Amino acid sequence: QAQLVESGGGLVQAGGSLRLSCTASGTGRINTMGWYRQAPGKQRELVANIGSGGITNYADSVKGRFAISRDNAKNAAFLQMNSLKPDDTAVYYCYIINFRTWWGQGTQVTVSS
């Protein structure tokens, strides 16, 4: 049974930065790590992910502002979020894929204007 622990959310002013962390335990080899987000009244959307070899994928809305990385030895992923906008306000959910998809508990990111 995999467990994902997230940290790093919070309240920040527009233009500020936050760094999310996600650490997985109880897993074998992890293929993909990443984050989705869900804002009130909206569907959950992919923010970014990273493969085991380091290939990254970003939503168009965050390209150039967010950067995802991972530490395979620690089964951890990180999302550096810069130049935050009020539209980035959402609950951010970490996920991993090995033989199935596992989800973190979510962390709130609020960007004030």
Side-chain angles (χ1 to χ4, degrees):
Q1 182 79 7
Q3 288 189 324
L4 278 66
V5 176
E6 301 184 58
S7 62
L11 172 64
V12 65
Q13 288 188 329
S17 298
L18 286 172
R19 187 173 188 249
L20 304 184
S21 299
C22 175
T23 301
S25 60
T27 70
R29 181 179 180 272
I30 299 173
N31 292 322
T32 301
M33 304 185 76
W35 274 268
Y36 274 75
R37 68 186 180 187
Q38 187 165 22
K42 295 186 177 181
Q43 289 189 327
R44 190 175 291 195
E45 62 173 354
L46 176 67
V47 177
N49 60 31
I50 182 168
S52 58
I55 295 175
T56 58
N57 179 44
Y58 296 95
D60 287 343
S61 59
V62 306
K63 284 180 181 177
R65 300 189 297 122
F66 290 12
I68 190 169
S69 59
R70 66 190 280 176
D71 183 336
N72 290 329
K74 296 181 179 180
N75 281 347
F78 309 95
L79 186 67
Q80 179 67 42
M81 305 185 294
N82 300 324
S83 302
L84 282 160
K85 305 175 181 180
D87 283 349
D88 295 317
T89 296
V91 178
Y92 284 68
Y93 296 92
C94 173
Y95 76 102
I96 66 167
I97 301 174
N98 46 21
F99 59 90
R100 55 157 282 185
T101 303
W102 305 86
W103 294 93
Q105 78 279 10
T107 186
Q108 178 69 46
V109 171
T110 303
V111 184
S112 63
S113 58

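None of these values were measured; they are calculated from a predicted model. FYI, the numbering just counts along the sequence from 1. All values below were derived from every heavy atom in this structure, side-chain atoms included, with hydrogens, water molecules and symmetry-related copies excluded.
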Q: Quick one: which residue pairs count as a ring-ring contact (aromatic ring centres under 6.0 Å, His included) with a foot in residues 42-65, not counting sequence neighbours?
A: none
**Q.** Remaining members of the apolar cluster that contains F78, side-chain heavy atoms under 4.5 Å
**A.** none
Q) Is there a donor-acceptor contact under 3.5 Å from the side chain of R70 to the main chain of G51? A) yes
Q | Shared hydrophobic cluster for M33 and I55 (ILVMFWY, side-chain gaps under 4.5 Å) | A | no
Q: Take the angle between the ring planes of Y93 and W103 and call it parallel below 30°, perpendicular above 60°, tilted in between.
A: perpendicular
Q) Can you tell me if E6 uses its side chain to pair, donor with acceptor, with the backbone of G106 under 3.5 Å? A) yes
Q. Looking only at heavy atoms, what is the nearest atom pair of A2 and T27, with distance?
A. CB-CG2, 3.4 Å
Q: Please lay out, stage by stage, how L84 and F66 fare under the test side chain to side chain contact (heavy atoms under 4.5 Å, CB included).
A: CA-CA 9 Å; L84 282 160; F66 290 12; 3.8 Å; yes
(Q) Can you list everything that forms a salt bridge (Lys or Arg N to Asp or Glu O under 4.0 Å) with K63? Sequence neighbours excluded, please. (A) D60
Q: Could you tell me which non-hydrogen atom of T23 sits nearest to which non-hydrogen atom of A76, and how far apart they are?
A: OG1-CB, 4.0 Å
Q) Hey, is CD on Q3 packed in by over 12 heavy atoms from elsewhere, all under 6.0 Å? A) no
Q: Examine V91 and V12 and state if one hydrophobic cluster contains both, with Ile, Leu, Val, Met, Phe, Trp and Tyr joined whenever side-chain heavy atoms are less than 4.5 Å apart.
A: no
Q. Minimum heavy-atom separation for S83 to D88, with atom names?
A. O-OD2, 4.4 Å
Q: Could I get the full list of side chain to side chain contact (heavy atoms under 4.5 Å, CB included) partners for T89, not counting sequence neighbours?
A: Q108, T110, V111
(Q) Using every non-hydrogen atom in the two residues, find where G9 and V109 come nearest and quote the distance to one decimal. (A) CA-CG2, 4.2 Å
(Q) Working note: N31 + S52, criterion side-chain hydrogen bond (donor to acceptor under 3.5 Å, both in side chains); need CA distance, chi angles, decisive distance, verdict. (A) CA-CA 5 Å; N31 292 322; S52 58; 4.9 Å; no
Q.
Starting from Y92, can I reach Y36 by hopping between I/L/V/M/F/W/Y residues whose side chains sit under 4.5 Å apart?
A. no
(Q) Which heavy atom of A90 sits nearest to which heavy atom of R37, and what is that distance? (A) CB-CB, 3.8 Å
Q: Name all residues meeting the side chain to side chain contact (heavy atoms under 4.5 Å, CB included) criterion together with I97; count only those two or more places apart in sequence or in a different chain, and write none if there are none.
A: T32, Y95, T101
Q: Using the ring-ring contact (aromatic ring centres under 6.0 Å, His included) rule, collect all pairs that involve residues 9-34, keeping only residues at least two apart or in two chains.
A: none
(Q) Testing M81, K85, Q80 one by one against R65 for a side-chain contact (heavy atoms from CB on, under 4.5 Å), which residue passes? (A) K85
(Q) Once rounded to the nearest 0.5 Å, what's the spacing between atom CD1 of I50 and atom CD1 of I96? (A) 14.0 Å
Q) Say you draw a straight line from CG of N57 to CD1 of I68; how long is it, rounded to the nearest 0.5 Å? A) 9.0 Å
(Q) Is there a path of hydrophobic side-chain contacts, each under 4.5 Å between heavy atoms, that joins W102 and L20? (A) yes
Q) Taking all non-hydrogen atoms of both residues, which atom of S21 and which atom of W35 are closest, and how far apart? A) C-CZ2, 3.9 Å
